[in-house]
Amino acid sequence: MKDAVAALFEQALDQLIDEDIIQATDRRVVQIENTRDPAHGDLATNVAMMHAKAAQMAPREMAEVIIDKLPPSKMIRYIEIAGPGFINLCLAQEIAFEPVINCLEHNEHFGHHGHTNERIQVEYVSANPTGPLHVGHGRGAAYGATLVNLLSARGHDVEAEYYVNDAGRQMDILAVSVFLRYLEKTGQCVSFPSAGYRGDYISDLGERLLRKSSISSKIKFNELLKNVIADSEEKKDAHIDGLIQNSKQCLGGEWWQPFDLALSAILSDIKEDLSEFGANFDQWFSEKSLVSSGEINMVIAKLEDRGHLYENAGALWFRSTDFGDDKDRVVRRENGETTYFTSDIAYIANKLSRGFDRIIYVWGADHHGYIVRIKAAAQALGFDPGRLTIRLVQFANLYKDGERLQMSTRSGSFVTLRELREDIGRDACRYFYVMRKADQHLDFDLSLATSQSKDNPVYYVQYAHARICRVFEGINDTPFDQNRGINNLADLTTQEELDLATTIGRFPEVIKRAADGLEAHLVCYYLQDLAADFHRWYNGSRLLVETLETRDARLALAKAVQIVIRNGLSLLGVSAPRSM
RNA sequence: GCGCCUGUAGCUCAACCGGAUAGAGCAACCGCCUUCUAAGCGGUAGGUUGCAGGUUCGAUUCCUGCCAGGCGUGCCA
């Protein structure tokens, strides 16, 4: 609708340029917007004000000239110039319900856009497989999953990916933690390192290792302490690194038993958790594969060739300051090991070479310091950093009964995402996590999320859907005839009905805006608006009336609302219940 | 110190990439159930958009400075 109207104005501008009233270089894109105030008609545009200055005319005068050139159209009932030079349009009554017809016709595809041929990858969650997902990961998961849905609905080819950090020091710490618990289970006395992972699941994995493994070596805990710096607050890292080194040495090839056991158990737990959360991935990309494929070394060589590396104090550095970073970064440590960042460079090179037009990273806000360096790496490798979009997700604070819940990972007593889901349900989780702008702090009120009232936006929206379903179940004589409804939409004349039709017509735009701006929260606000429009209508007028023509016209409108709510909730990964 | 993000009604947040009288919900107050779900609806009240400048027809939006809060700033991941 907007596009059609915009096209009319574009034609008018073409004319004015032909007539030399406006210079082609001064031309601006026509913006049509929904009016906020009904007194301003249905749509409004500021074209006149945008072109007035260049054409050396008063805005209102410019508006008259533009309107004069506007091709005639059945869509428009009347046009008026208002305020400082706005052009307000009132649409023809006959087309007011076009969105409803459109919606009924396209059903589950209503709101979706045609193919764009743009390939986009969205990488999200990517939590280290060192433990179960906790509530902090939930927001990234919900946001990322919704983005994937939105971008698909927008017409892009989207691939969702999870980067598995299955190499590196954190994994070694995990493996040694499990191994030490295993030693405990064999009856040894172990002083557990303060830098180790402590959760109950580590002990469980130690137990499983004892039951299933075939570790032949008879290792005494004391042997592992040989030449290892004593554990202390300042030296805890050196302490655990020593334990890891000795464990690897003593275990030899058997080192991989605790390692693989822990990795596969935790990863499959994460996969199951995310799948139950409705966050689906096309690809689980292993960091280890970058090591075994030699891509890490290749990327170092490539940077070397391009002259972006230098040696200093025994380490190999990437001169990221050439690309705006405030500090150069180490790619190979003094001890010969590469860093987490080196893997990231190899990974970004791998992603970029897979031919995506756009690559989106969803990161926790604590990673914002990495944006510059990852873009620097892409640039140093000769890629256009403009292909990368990094979206930060701020942390969510959980509240229950007005009290903020503390999440301490130290004791291992954190709230897992699974616990949260079991507590308040997937629907409320998904909705609340994306309800706010992603880069904004989120207060997640658990009491509200479970409350069954209009204060709870999830229930409010779902309730509208359930109410519609119930109305349809209430038809007991002549069945609903959609064509009869469509043919009699002119029977719908109240303000509530017109408002609903307009709101339904906004849905495709909302998807476009939300997808283009990566702003998932817009879907929530939209659905709340739509639900409010519906509840208002429902409350004031009866749908199942005697006259079949009017009844079916109303039912057609109700069905369109139902479709939009279902489509919208499905983008969010939230169910649309038939009864509540 | 430096970098990034944020500051809008008492609270939680919107505001269509510069537009008209800045909008919702909660909390407060007043109303609406013999009717398809009251898990709902209507109404009243609530603002110097952190502060001060600047850019222009027009600023919550863009620029500068200041104030306040959050996060980051490892040869950690």
Side-chain angles (χ1 to χ4, degrees), chain A residues 2 31-37 39-40 44-46 49-50 52-53 58-60 82-86 88 128 130 165 167-171 173 195 237 312-317 325-327 329-341 343-344 364-372 392 394-395 399 435-437 439-443 445 448 451-457 459-460 462-464 466-475 506 509-510 512-514 516-517 519 521-522 524-525 528-529 531-532 534-545 554-555 558 579-580:
Chain A
K2 269 187 182 176
Q31 296 170 20
I32 305 285
E33 52 187 47
N34 304 316
T35 54
R36 232 174 270 174
D37 185 340
H40 298 146
T45 176
N46 56 4
M49 289 183 287
M50 288 197 303
K53 193 169 189 186
R60 293 186 69 110
F86 287 99
N88 294 336
N128 284 347
T130 51
N165 286 112
R169 183 162 169 267
Q170 292 305 316
M171 285 307 297
I173 294 177
D237 286 328
N312 185 30
L316 192 60
W317 297 71
D325 201 356
D326 44 2
K327 187 175 176 305
R329 308 291 168 179
V330 169
V331 291
R332 190 157 53 220
R333 289 189 256 168
E334 199 179 354
N335 65 9
E337 279 177 42
T338 56
T339 63
Y340 170 89
F341 178 52
S343 296
D344 278 353
D366 55 333
H367 280 63
H368 78 244
Y370 296 82
I371 297 177
V372 176
L392 297 179
Q394 286 285 350
F395 295 120
Y399 289 83
M435 195 164 58
R436 303 294 178 222
K437 226 184 274 179
D439 57 8
Q440 207 112 154
H441 290 276
L442 168 71
D443 287 332
D445 185 335
L448 178 61
S451 85
Q452 302 195 344
S453 74
K454 66 176 186 137
D455 312 351
N456 182 347
Y459 281 86
Y460 184 77
Q462 288 182 322
Y463 183 47
R467 268 183 155 177
I468 296 170
C469 293
R470 186 53 69 91
V471 171
F472 277 92
E473 284 165 18
I475 303 171
R506 273 172 52 208
E509 298 167 26
V510 169
K512 183 170 188 292
R513 267 186 57 214
D516 292 351
E519 298 186 303
H521 68 285
L522 295 178
C524 296
Y525 281 99
Q528 282 162 244
D529 279 350
F534 173 76
H535 287 306
R536 189 179 306 122
W537 179 48
Y538 178 93
N539 219 260
S541 43
R542 203 175 156 73
L543 277 64
L544 298 178
V545 289
R554 290 183 183 170
L555 288 177
S579 69
M580 291 171 72

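What you see is a predicted model, and the numbers here were worked out from it, not measured in a lab. For the numbers below, each heavy atom of this structure counts, side chains included, while hydrogens, waters and symmetry mates do not. Order of the sequence lines sets the chain letters (A, B, ...), proteins ahead of strands, with each chain counted from 1.
Nucleotide B:G1 forms a Watson-Crick or G-U wobble pair with B:U73, both donor-acceptor distances falling under 3.5 Å. Using N1 to N3 plus N6-O4 or O6-N4 for Watson-Crick, or N1-O2 and O6-N3 for G-U wobble, each under 3.5 Å, B:C29 pairs with B:G43. The partner of B:U35 is absent, by the rule that a Watson-Crick or G-U pair needs both atom distances under 3.5 Å.
Comparing atom distances between the A:R169 side chain and each of B:U6, B:C76, B:C41 picks out B:C76 as nearest. Of the candidates B:C36, B:C75, B:U12, B:C36 carries the atom nearest the A:Y538 side chain, counting heavy atoms from C-beta on. Here B:C16 is the nucleotide among B:C16, B:C75, B:A38 with the atom lying nearest to any side-chain atom of A:E33.
The nearest whole Å value for the distance from the CZ atom in A:F341 to the C1' atom in B:G74 is 14 Å. Distance A:N456 CG to B:A24 C1': 16 Å, rounded to the nearest Å. One can place CZ of A:R506 at 12 Å from P of B:C16, the figure rounded to the nearest angstrom. Regarding A:D529, its CG atom lies at a distance of 10 Å from the P atom of B:G25, rounded to whole Å. What separates CG of A:L442 from P of B:C71 is a distance of 16 Å, to the nearest Å. One interatomic measurement links the two molecules: NZ of A:K437 to P of B:U60, which rounds to 16 Å at whole-angstrom precision. Atom NE2 of A:H441 is separated from atom P of B:A14 by 12 Å (rounded to the nearest Å). With rounding to whole Å, A:I371 atom CD1 is found 11 Å from B:C4 atom P.
Counting any heavy atom pair closer than 4.0 Å across all strands shown, A:E334 reaches a base atom. Contacts of A:L448 with the nucleic acid, taken as non-hydrogen atoms under 4.0 Å apart, are absent. Residue contacts for A:A82: at a heavy-atom cut-off of 4.0 Å it reaches a base atom on one of the strands shown. Among the atoms of the strands shown, base atoms are found under 4.0 Å from some heavy atom of A:S579. Within 4.0 Å (heavy atoms only), A:A44 reaches at least one base atom of the nucleic acid. Base contact: A:A315 has a heavy atom under 4.0 Å from a base atom. Residue A:S541 is classed as a base contact, given a heavy-atom separation below 4.0 Å to a base. Counting any heavy atom pair closer than 4.0 Å across all strands shown, A:N46 reaches a base atom. Contact annotation for A:K2: base contact, defined as any heavy-atom pair under 4.0 Å involving a base atom. No engagement by A:A58 is indicated, since no non-hydrogen atom pair under 4.0 Å with the nucleic acid exists. Among the protein residues, A:R542 comes within range of the nucleic acid bases, having at least one heavy atom under 4.0 Å from a base atom.
Proximity of A:K53 to the phosphate of B:U56: no side-chain N or O atom is located under 4.0 Å from OP1 or OP2. Put simply, A:Y460 has a side-chain N or O that comes within less than 4.0 Å of OP1 or OP2 on B:C41. Within the 4.0 Å cut-off from OP1 or OP2 of B:C36, not a single side-chain nitrogen or oxygen of A:R554 is found. For A:H521, a side-chain nitrogen or oxygen approaches OP1 or OP2 of B:A15 to under 4.0 Å. At B:A14, one or more side-chain N or O atoms of A:Q440 fall inside 4.0 Å of OP1 or OP2 (strictly under the cut-off). At the phosphate of B:A39, neither OP1 nor OP2 sits under 4.0 Å from any side-chain N or O atom of A:R467. Side-chain nitrogen and oxygen atoms of A:K327 include at least one within less than 4.0 Å of the OP1 or OP2 phosphate oxygen of B:C75.
Taking 4.0 Å as the cut-off between side-chain N and carboxylate O, A:E509 and A:K512 do not count as a salt-bridged pair. Taking 4.0 Å as the cut-off between side-chain N and carboxylate O, A:R329 and A:D326 count as a salt-bridged pair.
Ring-base stacking between A:H367 and B:G72 is not satisfied when judged by a centre separation under 5.5 Å and a plane angle under 30°. For B:A20, the base is stacked against the aromatic ring of A:F86, per a cut-off of 5.5 Å between centres and 30° between planes.
Taking NZ from A:K2 and CZ from A:R506, the interatomic distance works out to 8.5 Å, rounded to the nearest 0.5 Å. To the nearest 0.5 Å, atoms CD (A:Q394) and CG (A:D439) are separated by 7.0 Å. Atoms CD and CZ, on A:E519 and A:R436 in that order, are 14.0 Å from each other to the nearest 0.5 Å. A distance of 11.0 Å separates CG in A:L522 from CG in A:D529, rounded to the nearest 0.5 Å. A:R554 contributes atom CZ, which lies 13.5 Å from atom OH of A:Y538 (distance to the nearest 0.5 angstrom).
Comparing A:Q31 and A:N128 by the nucleotide of RNA chain B that holds the closest heavy atom to each, the one mapping nearer the 5' end is A:Q31. Heavy-atom distances to RNA chain B give each of A:P59 and A:V330 a nearest nucleotide, and the one nearer the 5′ end belongs to A:P59.
Rounded to whole Å, the C1' atom of B:U12 lies 15 Å from the corresponding atom of B:U6. Look at the C1' atom in both B:C41 and B:C36: the space between them is 15 Å, to the nearest Å. Spacing of P atoms, B:U44 relative to B:A24, comes out at 11 Å, to the nearest Å. A distance of about 38 Å separates the C1' atoms of B:U64 and B:C26, rounded to the whole Å. On the C1' atoms, B:C32 is 30 Å away from B:G47, given to the nearest whole Å. Taking atom P in both B:A22 and B:U48, one finds a spacing of 12 Å when rounded to whole Å. Separation of the C1' atoms belonging to B:A27 and B:A15 is 22 Å when rounded to the nearest angstrom. Across the P atoms, B:A59 and B:C11 are found 26 Å apart, a figure rounded to whole Å.
Judged by distance alone with a 3.5 Å cut-off, no donor-acceptor contact links the side chain of A:D366 to the base of B:G72. Applying the 3.5 Å distance criterion, the base of B:A20 shares a donor-acceptor pair with the side chain of A:N88. The base of B:G3 sits within donor-acceptor range of the side chain of A:H368, with an N or O pair under 3.5 Å.
For B:C17, the O4'-C1' to base torsion is more than 90° from 0; the nucleotide is therefore anti.
Counting only heavy atoms from C-beta outward, the side chains of A:D366 and A:L392 never approach each other to under 4.5 Å.
Taking the six-membered ring for Trp and thresholds of 30 and 60 degrees, A:F534 and A:W537 have ring planes more than 60 degrees apart, a perpendicular arrangement.
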Legend entry - Audit row: A:F472, A:L555, side chain to side chain contact (heavy atoms under 4.5 Å, CB included) steps and yes/no: CA-CA 8 Å; A:F472 277 92; A:L555 288 177; 4.0 Å; yes
